[in-house]
Amino acid sequence: GDQITAVVAHDLKHDEQIRIDCKFVINTAGPWAGRIAELVGCYDVDVVPGRGIMIAMNHRLVNTVVNRCIYPADGDILVPVHTVSIIGTTDVKADDPERLAIPRNEVQQMLDSGEALIPGFRDARAVHAWAGARPLFKDKRVSATDTRHMSRGMSVLDHGSRDGVNGIVSIIGGKLTTYRLMAKNVVDVMCEQLGDDRPCRTADEAVPGSTVGKNYLITHRLGENEERRAGTGLVRGGDPKTVPSSKKIDNQVICECELMSRKMFTDLLAEQPDATFDDLRRQLRLGMGPCQGGFCSMRATGIAVEEGTIDAERATGLLRLFLKNRWIGLWPILYGEQVRQTALDDWIFQGTFDVEHLPTPQQEVEL
């Protein structure tokens with residue numbers, strides 16, 4: 001009838017249809033929000049995907065955000081994130097949020113903008129580029145192709161009053177910097193519809209896992225590694241003969257660029273046995289340093305098989321998927337040092353391991 005009762009979806013990791021019974025759906029599908037709304041007969045949810053590219057440089061060129069105080073323009077912000085700095089972004093209307101280009105001319109534009117922000121920026125090494133799509137709510141005051149001047153404000157659409165479909169609310173627009181306010185506003189609408197009168201605690205409670213009042217410390221993994229090694233006698237002055245072999249193995253550094261230990265990888269893999277290597281990358285930064293997975297991805301693959309989490313064929317399939325996804329962000333920035341690094345990685349995987357001809361699952365998961 002006019003009530004949402006379930007979500008039917010396709011599980012790509014297991015290649016099966018699933019049904020999730022529910023009382024309410026919050027449509028937070030970003031640039032796909034309009035398509036989701038149409039599935040239940042809610043039309044005219046006009047979402048314009050605004051494509052933008054970003055580039056990660058190989059180290060922290062700045063320790064705080066640097067922003068040009070000008071009218072909104074391309075390449076006007078440089079942000080330190082973990083071990084890298086990110087320059088962004090462009091803003092162009094996209095036809096399909098699933099296929100976002102990373103044009104070379106926009107890459108050059110970002111590098112020129114970085115040089116304007118930080119003299120010497122172009123001497124740094126670009127290690128990865130990527131594109132994303134902003135979910136902009138169509139603004140009739142500006143041209144349909146002028147995404148730069150469309151509002152970044154959030155819009156909450158109550159489809160019960162708007163379209164006569166109960167049990168679904170869409171939220172469109174907004175920015176990462178306002179995500180908690182966005183969550184509060186949309187959940188308030190849901191609670192009102194469900195008749196669940198309770199106070200919102202968003203403004204009073206810290207985000208779980210956050211470190212209130214503390215800035216990110218770039219050297220934290222180095223300190224954690226040293227503490228673990230000190231606890232097992234693997235630092236200078238300790239006797240490695242008295243250390244159990246299991247402790248030595250746990251403390252192995254699998255990714256030198258990001259100081260990711262074997263234990264960090266195996267613990268998360270045990271928690272998420274269905275995860276792809278990209279899922280783990282987003283949490284551990286596996287392969288996000290200058291070598292872009294050239295060394296650590298093969299080590300991680302071998303460890304996953306050794307731990308018995310996945311078999312050799314699935315492991316090879318996941319490795320190939322991981323490398324393909326890394327390649328998407330490498331080819332637009334192939335110049336200078338990154339060309340040499342990519343050539344070395346290619347020799348390792350194609351020459352030494354012949355990765356394209358290793359046994360793989362009958363059907364590779366494409367995510």
Surrounding [atom1] of [X] (heavy atoms of other residues, nucleotides or ligands, distance under 6.0 Å), is the total greater than 12?
X: Glu192; atom1: CD; result: no
X: His10; atom1: NE2; result: yes
X: Trp331; atom1: CH2; result: yes
X: Asp354; atom1: CG; result: yes

Electrostatic pair [X]:[Y] at N-O distance under 4.0 angstrom:
X: Arg282; Y: Asp278; value: no
X: Arg19; Y: Asp21; value: yes
X: Asp91; Y: Arg51; value: no
X: Arg299; Y: Glu306; value: no
X: Asp96; Y: Arg35; value: yes

For residues [X] and [Y], report the shortest heavy-atom separation together with the two atoms involved.
X: Ile53; Y: Ala101; answer: CG2-O, 3.9 Å
X: Leu330; Y: Val127; answer: CD2-O, 3.3 Å
X: Val84; Y: Arg60; answer: O-CG, 3.7 Å

Audit row: Asp15, Lys13, salt bridge (charged side-chain N to carboxylate O under 4.0 Å, His left out) steps and yes/no: CA-CA 6 Å; Asp15 192 25; Lys13 290 182 179 176; over 6 Å; no
State the CG-CZ distance between Leu280 and Arg285, to the nearest 0.5 angstrom.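 It comes to 14.5 Å.
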For the CZ atom of Phe277 and the CG atom of Leu319, what is their distance to the nearest 0.5 Å?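 If we round to the nearest 0.5 Å, Phe277:CZ and Leu319:CG are 6.5 Å apart.
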Does the Thr342 side chain pair with the main chain of Val339, one donor and one acceptor, at a distance under 3.5 Å?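 It does not hold such a pair.
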May I ask you to check whether [X] and [Y] show a side-chain donor-acceptor distance below 3.5 Å?
X: Thr83; Y: Glu258; result: yes
X: Thr90; Y: Glu106; result: yes
X: Asp345; Y: Gln292; result: no
X: Gln272; Y: Asp279; result: no
X: Asp274; Y: His14; result: yes

side-chain contact (heavy atoms from CB on, under 4.5 Å) against Val305, all qualifying residues, sequence neighbours excluded: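 Result, side-chain contact (heavy atoms from CB on, under 4.5 Å) vs Val305: Ala315.
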Could you go through Arg221 and Glu226, starting from their C-alpha distance and side-chain angles, then the distance that decides it, and tell me whether this counts as salt bridge (charged side-chain N to carboxylate O under 4.0 Å, His left out)? CA-CA 8 Å; Arg221 281 194 175 177; Glu226 290 300 303; over 6 Å; no
Test Asp158 against Arg162 for salt bridge (charged side-chain N to carboxylate O under 4.0 Å, His left out), laying out the working first. CA-CA 6 Å; Asp158 181 345; Arg162 182 181 186 271; over 6 Å; no
From Gln338, Arg326, Met54, residue fulfilling side chain to side chain contact (heavy atoms under 4.5 Å, CB included) relative to His128: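 Exactly one pass, corresponding to Arg326.
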Working for salt bridge (charged side-chain N to carboxylate O under 4.0 Å, His left out), residues Glu205 and Arg180: CA-CA 11 Å; Glu205 294 186 7; Arg180 297 199 80 193; over 6 Å; no
